[in-house]
2 protein chains.
Amino acid sequence: MAEQAQYEELVRQFSAFGAVKREMGRVLPTDCPAGSAAVLTLLNRHGDMRMSKLAELLAVDMSVTSRHVAHIVERGWIERSADPADKRSRILRLTPEGLAQVDRLSRCTTQMLAERLSDWTDDEVAQLTRLMARLRSSFDESPRTPAITQ
Amino acid sequence: MAEQAQYEELVRQFSAFGAVKREMGRVLPTDCPAGSAAVLTLLNRHGDMRMSKLAELLAVDMSVTSRHVAHIVERGWIERSADPADKRSRILRLTPEGLAQVDRLSRCTTQMLAERLSDWTDDEVAQLTRLMARLRSSFDESPRTPAITQ
DNA sequence: TATTGTTATACTCTATAACTATA
DNA sequence: TATAGTTATAGAGTATAACAATA
């Protein structure tokens with residue numbers, strides 16, 4: 001269990017992380033903002049899935065997911081087909097163009113990180129990745145947001 | 001120097017971090033969104049400063065800083081006074097009410113982290129803090145965004 | 001002329017609520 | 001009735017560009 005000063009410093013780093021996110025966003029293709037990129041990457045990694053599953057992986061509301069998906073469908077990167085087992089659902093699948101876009105995205109971001117983190121060791125990159133994954137699961141597993149103390 | 005797959009995994013964690021940020025935002029007082037909280041925290045930590053200095057610490061455009069500051073001034077948490085040495089500049093200073101708000105914020109976020117990270121060791125928290133700080137400096141020091149490869 | 005800060009405008013991401021279609 | 005997904009609306013955060021005041 002850490003102390004208050006440690007938590008405050010961590011919060012500060014959380015806040016400052018926004019600058020990293022924005023810098024990452026600047027290397028993305030103009031018609032593929034971060035939200036779209038996240039959808040494409042998850043579909044590539046986990047394979048075809050329903051909207052609800054995608055929303056869960058993105059950890060955002062399904063209404064948000066629906067907007068991202070609509071944007072991507074317009075560009076021909078994914079297809080929405082009806083689920084024969086449940087006509088309310090729609091199955092999402094990457095098109096060949098979508099797969100090409102995933103490759104493009106991977107090259108953009110990988111090259112960018114390789115430049116920025118050129119003096120990081122393999123182990124440091126792995127550590128950061130591991131700790132951020134753990135952070136996420138610590139937030140996932142906890143009970144929902146407690147009341148605000150005004 | 002890490003490999004492509006490692007970078008891709010790191011990018012995935014960057015993307016997923018949004019959920020943590022949003023969860024943090026939910027414990028903030030309703031009239032003090034994350035942007036305002038960041039301004040108050042930085043003023044408390046670094047003392048009185050000019051707009052330009054604050055924008056640099058926030059790593060956002062000064063126009064954005066100006067909006068955040070206006071929001072906070074409206075609530076009486078900081079004062080903007082003219083800089084005698086340069087009448088174009090304005091010096092920002094926390095009011096007593098602002099200081100009280102900083103304390104409130106600190107309690108909110110600290111309590112939240114203490115719950116979510118209850119099974120983290122002191123050292124793990126410190127490691128994540130250190131790596132995120134290093135990440136930020138790696139991005140700060142690098143040359144500006146290279147061209148987009150469409 | 002250059003710099004400090006503000007404002008207008010536009011874009012991305014997000015959530016809530018109302019709605020349609022199906023289970 | 002309940003669930004899957006869409007759409008309308010609203011709010012937060014951001015950047016660019018035009019502007020005012022001062023250096």
- prompt: Does any N or O in the side chain of A/T41 come within less than 3.5 Å of the main-chain N or O of A/A37, such that one atom is a donor and the other an acceptor?
  reply: yes
query: How many angstroms lie between CD in B/E3 and CD in B/E8, if you round to the nearest 0.5 Å?
result: 11.0 Å
- prompt: Just wondering, are more than 12 heavy atoms of other shown residues or ligands nearer than 6.0 Å to NZ in A/K53?
  reply: no
query: Atom CE of A/M49 and atom CG of A/L43: how far apart are they, to the nearest 0.5 Å?
result: 5.0 Å
statement: Whole-Å distance, B/R50 CZ to C/dT6 P, equals 12 Å
message: Side chains of A/T129 and B/Q6: any donor to acceptor distance under 3.5 Å?
response: no
- prompt: Do A/L58 and A/L54 have side chains that get closer than 4.5 Å, going by heavy atoms?
  reply: yes
- prompt: Should the pair B/R75-B/E97 be classified as a salt bridge under the 4.0 Å nitrogen-to-oxygen rule?
  reply: no
message: Does C/dT12 have its OP1 or OP2 closer than 4.0 Å to a side-chain nitrogen or oxygen of A/R22?
response: no
A/W77 side chain reached by A/D31 side chain, heavy atoms, under 4.5 Å: yes
- request: Scan residues 57-75 of chain B against DNA chain D and write down, sorted by residue number, each residue with any heavy atom closer than 4.0 Å; if none is found, say none.
  value: B/V60, B/D61, B/S63, B/V64, B/R67, B/H68
- line: Within residues 32-45 of chain B, those residues having any heavy atom closer than 4.0 Å to DNA chain D are B/P33, B/A34, B/G35
- request: Determine, for B/E9 against A/R45, whether the closest basic-nitrogen to carboxylate-oxygen distance falls under 4.0 angstrom.
  value: yes
message: Check the phosphate of C/dG5 against B/S89, side-chain N and O only, distance under 4.0 Å to OP1 or OP2. Yes or no?
response: yes
Sort me out a list of protein N/O and nucleotides 19-23 of chain C N/O pairs below 3.5 Å, or just none if empty.
| unit_1 | atom_1 | unit_2 | atom_2 | d |
| --- | --- | --- | --- | --- |
| C/dA23 | OP1 | A/K87 | N | 3.0 |

query: Taking everything shown except A/R80 itself, do over 12 heavy atoms lie less than 6.0 Å from its CZ?
result: yes
message: In this structure, how many angstroms lie between the P atom of C/dT12 and the NZ atom of A/K21, rounded?
response: 16 Å
